[in-house]
Each structure stands twice: as structure tokens, then as C-alpha cells.
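Reminder, nothing fancy here: chain letters follow the sequence lines and each chain counts from 1.
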Amino acid sequence: MKYHFNEIEEKWQKYWAENQTFKAKNQSDKPKYYVLDMFPYPSGAGLHVGHPLGYIASDIYARYKRHKGFNVLHPQGYDSFGLPAEQYAIQTGQHPAVTTEENIKTYRRQLDQIGFSFDWSREVRTSDPNYYKWTQWIFIQLFNSWYNRVSDKAESIDTLIAIFASEGNAKVNAECDDDVEVFTAENWNSYSSEGQQEILLKYRLTYLAETEVNWCPALGTVLANDEIVNGVSERGGHPVIRKKMTQWSMRISAYAERLLQGLNTIDWTDSLKESQRNWIGKSVGASVTFNVKGHDAKIDVFTTRPDTIFGVSFMTLAPEHELVSQIATDEQIDEVNAYREATAKRSERDRMADVKTISGAFTGAYAEHPFTKAPLPIWIGDYVLAGYGTGAVMSVPCGDQRDYDFANHFNIAIPNIFEGIDISEEAFGDKDNTVITNSDFLNGLKYKKAVKTAIYELEKLGQGEGKTNYRLRDAVFSRQRYWGEPFPVYYIKGMPQMIDAKHLPITLPEVEKYLPTETGEPPLGNAMVWAWDTTTHTVVDNSKINDTSVFPLELNTMPGWAGSSQYFNRYMDPENDDEIFSRDAINYWQQVDLYIGGSEHATGHLLYSRFWQKFMFDLGLVPHDEFAKKLINQGMILGTSAFVYRVEDQNKFLSKGIIGNENVLPIHVDVSFVNSSDELDIDAFKNWRPEFKNAEFTLENGVYKVGRDVEKMSKSKYNVVNPDKIVEDYGADSLRLYEMFLGPLEQYKPWNTAGITGVHSFLKKLWKLYNDDNGLKITEAVATKDNLKTLHKTIKKVAEDIENFSFNTSVSTFMIACNELTAQKCTSKEILEPLLILISPYAPHIAEELWSQLGHSESISTADFPIFDASHLVESTKNYPISFNGKMRFTLELSLDLSKDDIEAAVMADEKTIVQLQGREPKKVIVVPGKIVNIVG
RNA sequence: GCUGAAGUGGUGGAAUUGGUAGACACGUUGGACUUAAAAUCCAAUGUCCAUUAGGACGUACGGGUUCAAGUCCCGUCUUCAGUACCA
């Protein structure tokens, strides 16, 4: 019988689906294990060979864990809200739900043909109302919570209201807006309901506030910081400007310290943890208050170097700083305004690109040094960012290069406070190797002591205190889009009200157009039925709005990360209509044991999810405040693009090797037109596009050679390789093995279809090990010593590889085992049966087929992983004399229960001692004459 | 600039973590089978010297530790990724 992979794979995929082989139960005698993939956004282009890489790895691990006796949860779903479906809808009028459904079908077909062991009965889709009901529910929980710094966790807003009503807010230590005023219990009780709501909004974990946001005019929406790359939008690369808008925000900053500390408790990659640490951006220092001369105004600054307080010679404010217009003098106001306008016009990108040019303006005002009372000129400059710290700095030119350059440029004094340091050329930024001088009470102190002393003195003066600052900003949660979760929010007199959770979900309304309205409202402004009736608790026609019982609903929708911030918990109990998940389900599955996904989500999804998980932990909903114990970043599979070279202004193409001094333009050409020797199929190319129909080619050695380059796989680069084709030609098992064989999981590596013949011929050889022309050739023959050795070294290596996620090397191990057993003419069932179990996580279809041929009626996935027996690896005693540097050296490979002392004694007695074999694991003893150097193993 | 990862044949990559560098695969070359091609199988394949036997060199570069270094230490260079006027 021949290896008909297409038939075999179809057969077993059908079998798995019909028998629900991989359905996980929410209780079991077995230990649980939760393996999760980052769920995909179902794009219209379908999957390319790069997408399944992580899924294959997690599938291998999940199948391995099943063999190892675990009850494995391995679900999959779709992150199905998002921009592309909406933009397609804008262009075509097609409802995003329709395109999304189509795309999901394609994805599902493509995923199924690779043979994943997903439990599809637990599928979730973020755009499904039964799912986003719970996204809305969490939003309501966040709205109804505040962050108590004393207990260091989120608490119900009711506890805060009780405190306000009994003692006011003076003693409350909460994470809240900066501008809350102090009030007493009497004040509170005298406020109107709206007044109270307005105050509470400043404390809630999700709040409505006028914030400066990243506005992308081309996309017509705001973006979170992590959605902006190099000053342009991550999607589409459109310019982004700063704009003030009223938006929902998430008070993630309340969790900054816990998000930072939590990193120490989870097994995630160092680079990813480092990214999150940088994003959170903790810095320890002090806040210092400077009085402005002749004004009531005070300037608060944050500094990490309070020890350099006597080196301050001026102040710099961000141009956008709110004090600027107040304090600028009449003489300077024109210059100041001109400068502010000039910087406002510059886009984020310009400002980032142009960091070398020093610019600024003098406000004419002076601040007062807290200790010396000396006047300090107040400048504005765009090197100070409005969005970081307080948007103002105390400038210490001798200790900070930017302040130094600014002072130099505008001829401001540069006092030196570092003993014996020359600052005539540049600032001195090193904090550890000097002593402070010219600094009154700090004279003679070193950095650490000076910082403490400075903070102590500032506190005594009431003009400063020790402070920790975080770069992490609150996350904007409103998007001016159609295809996202609607907020469960309506407005009474402009104040947001939550819809009671029992009336969820609030489903997306139908709209005629997916664009913003003519008045600039978000797309939901086009909806005709989008008002909340508080008597019937239903969404009703807008015309019924009367501001007594029917009110307008929120027009924004939630951002892409809303739906992905809790999906991993929902998989535990996805059908539950009464709760987000049952207590039993979460207590059973606890948290994700292994999460595999791309590192591009480091500061987005992975940070927001940790935030929501911690919040849900505070509410007592989940047993762990980290959602994923271990996380692995799979690398990306890159495409190998091909180029043809067109002579400038002509329809002539030069083969790669003969390009001389001509000006040629490289053009991406579809990789399917090129063979493995980089030769172009000229006819296919000519038929590709009309403009190439009459193209002329200059060949080398009779062929046209293309150029090659490794790039990200993308439609526009014509380097996409479709897994459908690979599965058709070589089978899913070959695809799975080859993706693993390509290299280490975490690494970025180029795809090269040519190499797949290696793993494919391995599968054919494997098949032949079990079958010949007469059918199955397995016998009950007793395994030979060599057979057993091959099997057990394979068991050992494969188990180690899977535990270490070194899937690439196990593929080699299988090939070696297969070759060895073929050479040994092994037909023994005793060997070949366990071998199948080893291979089945990697190549499940062929393993299932051969397994059933061996007479099993149950799926191979129910089989136990073979047990490793080291005794089969034991060699007869060997004694290798190796000449080294004129000395004799021995490497004894042995297996023994002898202690190190026994070996030592034996070797010391006689250099050529042969130690009798007695035990299990082989050991290697490195010996030089008279001395044991090392015992390995 | 800072942070992190990495640098091994023509190529993708192994190397039990200090113990025979280049496993395994692709590619290339030669051979077998075939009318022929495909498929399959066999052999060779780090570089240099040598007819052979064999020898020398070799893991980005320069030093060091060690009986022993791709692996550890110091310095230099290069590449990739993230981040960036963060006070």
C-alpha cells in the first residue's frame, strides 16, 4: 500500500470532528492543562504558511500533554471585530458581519485541514452578541469600581460613596483624576445628583474625560499609544495628531506598580517582560514645587535627581503647559504664542524626527528657587513633553545634556555643582562617581545621600516629596467606529448611565452608512434605532427620545483590545448565559498554563489583559491575578520575495547576473512564477499583467534569473505561500513537520518550499517501515537490542525537546530513528507501536492511520506516552585512549551505580581501569592521568 | 543613544550547556535503475595540503581562563528586534 496522505488526512479529520475527540470536560480525575493560542483576526486574505506556526507548536504541546495523562483545554476562536471588515464595508456597503462570517469560514476550513486538536465546541467570537455581552458586563464592573491605594486594590464604588457621605474625601487615598477638590460629608450630601456623579466619575476605573488623544484624521478615530508606530497609525500608516476629545478611558495607571511587580511571578520571555517594563516606565525621584514670582501659580516638576536641585538655573515648560498663557509677560506673549503655534502645527512625526534642533521661547516670568530663593527664568521648549510627568522640568544644565544644550543655545548660566568635574564641553550625567558641591546643605554628599537629604529638606519646606512616576498613561477606550462592541451606556443630562447588566447584550444597531455622520459624529450616529427606554429596558427608535424616560445611547464603540482582554477565561465556560463563567469552571481551569503568540502584542493585548485580570482578581472573580503562567513568542515565517529588473523607462528586463551600469528598477514578481533555481517562467510573467505582455527579456545562459530578498510575507509583495497548496501537494503532516523543522520556534526564518521534500520523504519512509506492497508488515518479533536502543533514545530526546519547545530537533530525531529502524529491518510491534505515539503530536494523521492499522479502535490521542528506560541505552564499557598534548587522556563512557568516590579510586589505581557496568544512566567520566576532571551525567 | 537577542559550511540549522564542531535537511556533484523523464536508491560534499596513508586550519574579530572553549571572562565589530527629547 502506498502513502495516500490526502485520503488519510481527510479521513482522520472527519473522525476527530465526528467523535469530538478533543472535546475537553470541565471536570476530570486527570490533572488539568490549558494550552492557548492568540486567536486570529479573520482577514479576507485567509491564512498564509506563516500564520499556523504558533498553532502547530501549541497543538504539538497539547497533544503531548494528552499523552502524558492531562485533561487538556485547547480552544480556538476569532477576534472578529476590527478595522479591515469595516473599511471593506465602507467601500462596498457589505455588512461587516457578513464579510466576517465568510472570512471565518475560510479560516475554519484552512485550520481544519492542518489537523489541529482544537476543542471547537468552545469557540468564541468577539463580535458575537453572546460573547460581547460579557465584554460589556466587565465594562460596567469597571465603571462601578474605584482603586483604593490603601488596600491596593479595586473596590466597589458603593464603599466610596459611603465614605464620602460620612467623612468627605479628605482621607480617601485613591487613584483618581488630579483635579478633584477636597469636600466634606456636608458638602457631599448637599451636592445635586449630577454633581455627585461628576465627582464619582473622576474616581471610577473607567471614566469619561476630556483628554488629549491621538486622533487619526484618515481613519476618523482615536488610537491608543500602542496603536501608533513611529508617529503614524499602525494600521495604514496614516498621520496622527493630538486633539482634545471627551472619551472613555481605562485607569490602567492605577495598576502600574502591580503590573510591574507581577512580571516577576510569570514565566514569560525576558524581552517581552522588558518591553512591558519600559512601557510602564517606572522612575523614582521627587516632585518639587516652584513658586512663580509675582503670581499665585506654582510649577510642579518631577525629577529623578533631586540631589542636583542647586544646579537648577532655569525652568522649562512644555509649550502646551496650562500655566504658560497665565504667566507670560506682555513683552514676551507674542513670541510665546508664535512658538506655541509653530509647535502645535508640527505632527508627532516631525517632532520625533527632528530632535537635534533646539528651539524655545522665554516667557518673561521667573520662578523662585525653593532654597536660595534665586530667580529662575521660565522658558518653554518642545523638548519637554506635555504627556510625561507634569509637563515641566527643573533644568539642571550641568547634569543633563538636553538642559545643557538648551542653556548653551539661549545663553543661560550653567552653574557647576559637581566637585572636580569639567563641564565646559558637556553635561555630567554620571550619578555615582562624584561629590556634590556649591549646594549648601548637600555639599560633600554623594548621590544616594544627597537625594535623601534633598527630599527631606524639601518636605520640611513643604515644597516637595519623594515620588515615583510612571510613563504608563491611562488607555483611551472609545473608538469612532461601527464594527466594535457598543457601550452599555446612555446619557441623562450629559452624565453617563450604565444599563443594568441583566439587559445585556446591547447589540449593534443597523446603519445605512458606516462612515461618520455629516456632523462629525461616530458611525453609530447614523443609526435610527439607538435610544434607551428606561421603562421597557429596550433599545428604541431615536425619535422617542424625550429626556424623561428615553435617552440617547453612547455613539462610540470599544477598541479592538476590549474583546481580547478576557477571552481566555470565557473559553472555560463559553456557553454560560448567566455568568461570565461559572465558579466551578474557573476554579477547575484556574489560568492559562501555556500561551503561545507573537511578540507584537507586548504592550497592547498582553498588557491590557493582565490589567483586566488583576481587576477581576480584585473583584474575587478569578483565582489568579496573572492570566497566563507561561508565554512563548513564536517567531515569524518570512517570505522570500522575487524581483525582476526593469530598465528605467523601458519595457525591458535584465536577468539578475547581467545588470551592469544600467539604471534598473526592481519589481516584485509573484513567487509562484519562479522555480527553485531562481529561474523565471517568462510566459507566466507576461500573462500576469497587461503591461508585461510585450516585455523583452535579456537572459543569461538561456534563462532569466530573478533577485531574491527575505521580507515579511504579504500580498503586496507577492511572496505569500498558501498552505492550501502545500497541504494538497505534500499533506498536512508534512506542513506541520516542516514548519517545525524550519528552525527554533522563537526565531524569524524565511519560508522555502523546496526544503519540504526532506520531511515529506521521511513520512514516506515511515510509512514503508510499517507497510510494503503486501500491506502491513508489522510482526510480533522480539525487539533486538539495537531496536530498543533506537526507540528509547528517541523517547528521551523527543520528551526533552517538547518540554523545552525545541520542536525542530525532534523532527531530526524522528528521521534518524526511522533510518536506523529501516536499516535494522525492524518489524517488531514492540518498537513500532510506541514510536507512533512519539510522532503523533507532530504528524497526527499518519500516526492515527498506522495506529488503526495496528488494530486499535481508539484514537492514538488516548494512548499513554511511552516510558523511557535508560537501561537500553547502556553501552558495553568503552575505554577510549585519546592522545592530547602529549599526555594520555581517557574518556570512559559508563553506566553505573558507583559513587564518584568509587570511580575516582578505581581510576587512581590504574589509568586503564575498566569499570564494570551495573546501573542505569550513562555517565561520562573525563580523566587525565591520575586525576578525574569531571563526571558528566 | 538605551534595552534585549544573535553572529557556526553554498543554505536552514544541530552540538547532551565546558568534553570527537557541522547532527538532520535542502542544495550541489557523481553513480544505479529507466528508451527517456519523474520517482526511488547509493556515494561524496567545511577549507587547504597530500596519489594514498594522513596532516594543518576552522564557530564574526582580538585577547584571556582551562587538560579541554562555538559554549565562560574582557575588549572590538556587525546584524536583527523593541524603545526613544521620559526630566
Side-chain angles (χ1 to χ4, degrees), chain A residues 229-230 269-279 281-283 285-286 288 301-306 308 316 318 351-352 354-358 381-385 387-396 399-403 405-406 429 469-472 599-600 602-603 633 635-636 640 676-677 710 737-738 741-744 746-762 764-765 768 793 796-797 800 806 808-819 880 882 884-889 891 893 921-922 924-929 931 933-937:
Chain A
V229 177
N230 297 327
T269 58
D270 287 338
S271 69
L272 201 139
K273 287 185 187 180
E274 203 53 35
S275 293
Q276 293 209 345
R277 284 194 192 103
N278 288 338
W279 194 260
K282 180 180 183 175
S283 44
V288 185
V301 303
F302 173 76
T303 178
T304 54
R305 299 291 306 273
T308 63
T316 315
R351 211 162 139 170
M352 277 165 61
D354 181 25
V355 297
K356 296 270 147 52
T357 319
I358 295 159
D382 67 0
Y383 82 94
V384 177
L385 305 174
Y388 182 77
T390 61
V393 299
M394 59 177 223
S395 301
V396 185
D400 183 287
Q401 193 58 40
R402 290 155 304 165
D403 295 343
D405 294 340
F406 195 86
N469 196 52
Y470 299 91
R471 197 185 80 115
L472 185 69
S599 56
E600 66 272 20
T603 53
N633 293 126
M636 204 181 279
T640 311
S676 56
S677 312
V710 172
L737 281 172
Y738 189 51
F741 184 70
L742 230 35
E746 300 88 340
Q747 218 161 81
Y748 281 60
K749 55 234 161 194
W751 176 267
N752 171 21
T753 304
I756 200 170
T757 54
V759 293
H760 186 62
S761 65
F762 154 68
K764 285 195 272 192
K765 280 184 213 164
K768 279 189 197 159
K793 100 184 161 188
K796 184 165 193 265
K797 184 76 168 75
E800 279 171 7
S806 312
N808 54 328
T809 49
S810 338
V811 181
S812 300
T813 308
F814 294 142
M815 293 181 183
I816 294 166
C818 184
N819 286 340
Y880 307 101
I882 298 165
F884 176 78
N885 282 357
K887 297 178 202 165
M888 270 318 234
R889 193 179 70 147
T891 301
E893 194 173 312
E921 290 267 8
K924 203 179 247 184
V925 184
I926 310 300
V927 188
V928 292
K931 170 180 152 200
V933 175
N934 195 10
I935 297 177
V936 187

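With values rounded to the nearest 0.5 angstrom, A/Ile756 atom CD1 is found 7.0 Å from A/Thr753 atom OG1. The line from NZ of A/Lys282 to CG of A/Leu472 is 13.0 Å long, rounded to the nearest 0.5 Å. Between the CG atom of A/Leu742 and the NZ atom of A/Lys749 there is a distance of 6.0 Å, given to the nearest 0.5 Å. Between the OH atom in A/Tyr738 and the OG1 atom in A/Thr757 there is a gap of 8.0 Å [rounded to 0.5 Å].
Checking side-chain atoms of A/Asp403 against main-chain N and O of A/Val396 turns up a donor-acceptor pair under 3.5 Å.
Taking atom C1' on both B/C2 and B/C85, the two are 13 Å apart, rounded to the nearest angstrom. Comparing the P positions of B/G55 and B/A60 gives a spacing of 26 Å, expressed to the nearest Å. For the C1' atom pair drawn from B/U20 and B/A15, the interatomic distance equals 11 Å after rounding to whole Å. Separation of the P atoms belonging to B/U83 and B/U29 is 45 Å when rounded to the nearest angstrom. Rounded to a whole angstrom, the distance from the C1' atom of B/G12 to that of B/G63 is 33 Å. Comparing B/U11 with B/U28, their P atoms are spaced 15 Å from each other, to the whole Å. B/A44 and B/C24 have their P atoms separated by 12 Å, given to the nearest Å.
Closest approach to the A/Ser271 side chain among B/G13, B/A87, B/G4 is made by B/G4 (side chain taken as heavy atoms from C-beta onward). In the set B/G4, B/U83, B/A87, the nucleotide with an atom closest to the side chain of A/Arg471 is B/U83. The listed nucleotides are B/G82, B/G13, B/A87; the one nearest the side chain of A/Thr303 is B/A87. Of the candidates B/G82, B/C86, B/A15, the closest approach to any side-chain atom of A/Tyr388 belongs to B/C86.
In a base pair of the Watson-Crick type (N1 to N3 plus N6-O4 or O6-N4) or a G-U wobble (N1-O2 and O6-N3), with each distance short of 3.5 Å, B/U52 is matched with no nucleotide. Pair assignment for B/U76 gives B/A60, based on Watson-Crick or G-U wobble hydrogen-bonding distances that are each under 3.5 Å. Within the shown strands, nothing qualifies as a pairing partner of B/A87 under the Watson-Crick or G-U definition with both distances less than 3.5 Å. Figure legend. B/U11 is base-paired to B/A25; pairs are counted as Watson-Crick or G-U wobble with both atom distances under 3.5 Å. Base pairing of B/U20: no nucleotide in any strand meets the Watson-Crick or G-U wobble criterion (both distances under 3.5 Å). Both distances falling under 3.5 Å, in either a Watson-Crick or a G-U wobble arrangement, place B/A32 opposite B/U40. Of the nucleotides present, none pairs with B/A69 by Watson-Crick or G-U wobble criteria with both distances under 3.5 Å. With both pairing distances under 3.5 Å, B/U3 is matched to B/A81 as a Watson-Crick or G-U wobble pair.
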Residue pair A/Asn469, A/Tyr388: steps toward the side chain to side chain contact (heavy atoms under 4.5 Å, CB included) verdict:
CA-CA 9 Å; A/Asn469 196 52; A/Tyr388 182 77; 3.3 Å; yes

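The nearest pair of heavy atoms linking A/Arg305 to A/Met394 is O-CE, 3.8 Å. Residue A/Leu272 comes nearest to A/Ala602 through the heavy atom pair CG-CB, 4.1 Å, listed as atom of the first residue, atom of the second, then distance. Of all non-hydrogen atoms in A/Thr316 and A/Ser395, the two that sit nearest each other are OG1-OG, 2.8 Å. Heavy atoms only, all atoms of each residue included: A/Ser812 and A/Phe741 are closest at OG-CE1, 3.7 Å.
Rounded to an integer number of Å, the gap from OH of A/Tyr383 to P of B/A87 is 13 Å. In this structure, the OH atom of A/Tyr748 is 14 Å from the P atom of B/G13, given to the nearest Å. As rounded to whole Å, 8 Å separates atom P of B/G13 from atom NZ of A/Lys749. Atom pair A/Asn633:CG and B/G82:C1' shows a separation of 12 Å (rounding to whole Å applied). Across the protein-nucleic acid pair, A/Asn278 atom CG and B/G82 atom P stand 13 Å apart, rounded to whole Å. Distance, A/Gln276 CD to B/U3 C1': 15 Å, rounded to whole Å. Between the CD atom of A/Gln401 and the P atom of B/C86 there is a distance of 11 Å, rounded to whole Å.
With the nearest nucleotide of RNA chain B identified for both A/Glu800 and A/Leu742, A/Leu742 has the one nearer the 5' end. With the nearest nucleotide of RNA chain B identified for both A/Ala392 and A/Glu274, A/Glu274 has the one nearer the 5' end.
Applying the 90° criterion around 0 to the glycosidic angle, B/G64 comes out anti. Glycosidic conformation at B/U65 (O4'-C1'-N9-C4 for purines, O4'-C1'-N1-C2 for pyrimidines): anti, more than 90° from 0.
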What's touching nucleotides 43-46 of chain B from the protein side, N or O pairs under 3.5 Å?
none

Considering only nitrogen or oxygen atoms on both sides, find all protein atoms under 3.5 Å from nucleotides 24-26 of chain B and state each distance.
none

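Ion pairing between A/Lys797 and A/Glu800 fails under the 4.0 Å rule for side-chain N and carboxylate O.
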